[in-house]
Q: 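After the structure tokens below, expect a handful of questions from me.
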There are 2 protein chains.
Amino acid sequence: MASGKSDWGIKVRVWVERAGVKVLGPGRVELLEHIDRQRSISAAARQMGMSYRRAWELVQAMNEAAGVELVEAKPGGSGGGGAAVTAHGQEAIRLYHSLVASFAKTSQDVALPAEPLAAPPDTT
Amino acid sequence: MASGKSDWGIKVRVWVERAGVKVLGPGRVELLEHIDRQRSISAAARQMGMSYRRAWELVQAMNEAAGVELVEAKPGGSGGGGAAVTAHGQEAIRLYHSLVASFAKTSQDVALPAEPLAAPPDTT
DNA sequence: CTCCGTTATGTCCATTCGGGAATAACGAAG
DNA sequence: CTTCGTTATTCCCGAATGGACATAACGGAG
């Protein structure tokens, strides 16, 4: 029963750009949240099963694309240093979540019919 | 003036799945429309600047994922054969466009503020 | 000064993706 | 049967992606 019930679904991916370059996406925001909790890029990366390299690149890309520091990182110091999500970063997280919520609501409203690809009756 | 005005924007990508596998996306629907006009996969591919191979693979994937033939292709015959978008395919195009329209509307409604990342005032 | 864990950066490599080209299959028209 | 342009299929390769690893830089604590 490959199509026994109705396993059709709508998927939406939302992201925020500035000057045409990506600033926030689902993965980036998730990373922001992990950094916020861990106060460390490497710890966040580990927790997400992502390489530190990639996490760091994402942070760079985010900061540059946003034009403001969303994550403030510093090497050295007690514990080796660490990273923190700035006030702008916090705001970015809130903003993105509200966007996702809006589109999720739309997704509910436009729910697909049981048979999305039933050809409409001939109108002649 | 890297951020002189307000070059922030929201981007949304919508796609339709069945049983967890992608059926329709922006590129696939565009391909459907080109095939519908050209009545040929290869012509559609040329027009889109895409290799015939990729176009053909997309058609296969679409047909299989949908569980119904969205494109009916036949080799041989006068003119070498050709391809046509079925009634189900036509319906798929309509469906996808309506989805995109809905999400575009939401995108308008949730338009970003001029300074998306202005930190909210301290509430203490 | 030494130690430590994190940030910062470079190099190498497996995987994926899709283009390009080559080839066969096909079937109606002539 | 031959011709013709399209569909169908395979093989090879370049680019991009991102993981794994190695190494330096950093700076507070002791």
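Computed over heavy atoms, backbone and side chain alike; hydrogens, waters and symmetry mates excluded. Order of the sequence lines sets the chain letters (A, B, ...), proteins ahead of strands, with each chain counted from 1.
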Q: Show the nearest heavy-atom pair for residues A114(B) and S6(B), with the distance to one decimal.
A: O-OG, 3.4 Å

Q: Please work out which residues in residues 25-41 of chain B have a non-hydrogen atom less than 4.0 Å from an atom of DNA chain D and list them by number.
A: S40(B), I41(B)

Q: At a heavy-atom distance below 4.0 Å, what parts of residues 43-56 of chain B sit against DNA chain D?
A: Y52(B), R53(B), W56(B)

Q: Take the protein atom NZ of K74(B) and the nucleotide atom C1' of dT6(D), then report the distance between them rounded to whole Å.
A: 11 Å

Q: According to a 4.5 Å side-chain heavy-atom criterion applied to Ile, Leu, Val, Met, Phe, Trp and Tyr, with indirect links allowed, do L32(B) and V100(B) form part of one hydrophobic cluster?
A: yes

Q: Just wondering, more than 12 heavy atoms not from E57(B) lying within 6.0 Å of its CD?
A: yes

Q: When you list every nucleotide of DNA chain C with an atom under 4.0 Å from a heavy atom of chain A, which one comes first 5' to 3', and which comes last?
A: dG5(C) to dT11(C)

Q: Applying the side-chain contact (heavy atoms from CB on, under 4.5 Å) criterion to M50(B), which one of Q47(B), R46(B), M48(B) satisfies it?
A: M48(B)

Q: Taking the nucleotide of DNA chain D with the nearest heavy atom to each, does G80(A) or E57(B) sit closer to the 5' end?
A: E57(B)

Q: Do the side chains of R37(A) and E33(A) get close enough for a salt bridge, i.e. N-O under 4.0 angstrom?
A: no

Q: Judged by atom type as modelled, is there a donor-acceptor pair below 3.5 Å linking the side chain of N63(B) to the main-chain atoms of L70(B)?
A: yes

Q: Heavy atoms, side chains only, cut-off 4.5 Å: are F103(A) and V14(B) in contact?
A: no

Q: For G77(B) and A73(B), find the nucleotide of DNA chain D closest to each by heavy atoms; which residue's nucleotide sits nearer the 5' end?
A: G77(B)

